[in-house]
Amino acid sequence: MALDPQLVSFMPDTVTIKAHASFNNYGERVSGASRTAVAYVQRDVILNDNGQVEEQTHPVRAFINDTSITIRDIIALPDASEPEIHSIAVHTEVGGLDHTVVTFR
């Protein structure tokens, strides 16, 4: 079952998921087909105080309307970055709430 359409409206971002296909002779990942999915990318803000406040922002987690993501896939975020995936948690226990939470390094 897919995510409820009313909840999808809370996901303003679009991510591209590149499915893992294999490894090449150098041990690098080779991607297969890619697909897009709506998501909510949660950003972590770190403030560094060096006499002035310098703000750095980077993505930490993404709530994605897709339940077939694996740890070997590559996810391109809205800013075109492809951070390394740290962990995934697929939520399919409750009908209408199916989604995947991806935590990045």
Find out if a path of hydrophobic residues (ILVMFWY) with successive side-chain heavy-atom gaps under 4.5 Å connects V38 to I17.
-> no

Does atom CD of E93 have more than 12 heavy-atom neighbours, drawn from other residues, nucleotides or ligands, at distances under 6.0 Å?
-> yes

Considering only heavy atoms from C-beta outward, does the side chain of R43 approach that of V60 to under 4.5 Å?
-> no

How far apart are the closest heavy atoms of M11 and N65, and which atoms are they?
-> SD-CB, 4.2 Å

Which residues pass the side chain to side chain donor-acceptor pair (under 3.5 Å) test with D4, sequence neighbours left out?
-> none

Are I75 and T16 side-chain neighbours, meaning at least one heavy-atom pair lies under 4.5 Å?
-> no

Output, in order, the C-alpha distance, side-chain angles, deciding distance and verdict of side-chain contact (heavy atoms from CB on, under 4.5 Å) for V15 and I64.
-> CA-CA 8 Å; V15 296; I64 303 173; 4.1 Å; yes

Single-linkage hydrophobic cluster, 4.5 Å side-chain cutoff, Y40 and V94 together | yes

Across all chains, not counting sequence neighbours, the side chain to side chain donor-acceptor pair (under 3.5 Å) partners of R35 are D66, S68

L3 and D98, any side-chain heavy atoms less than 4.5 Å apart | no

When every non-hydrogen atom of R72 is compared with those of R29, the smallest separation belongs to O-NH1, 3.3 Å

Shortest non-hydrogen contact from K18 toward S34 = CG-CB, 4.0 Å

Can you pull the ring pair (Phe, Tyr, Trp, His ring centres under 6.0 Å) pairs that have at least one residue in residues 72-105, sequence neighbours excluded?
-> H91-H99

Here the pair of heavy atoms bringing A21 nearest to G32 is CB-N, 3.8 Å

Atom pair OG1/CG of T92 and L97 - distance to nearest 0.5 Å | 10.5 Å

Would you indicate whether the side-chain heavy atoms of F23 and E28 approach each other to under 4.5 Å?
-> no

Mind checking whether D73 and I88 have side chains closer than 4.5 Å, heavy atoms only?
-> no

State which residue, out of V101, V41, V102, fulfils the side-chain contact (heavy atoms from CB on, under 4.5 Å) condition with R61.
-> V101

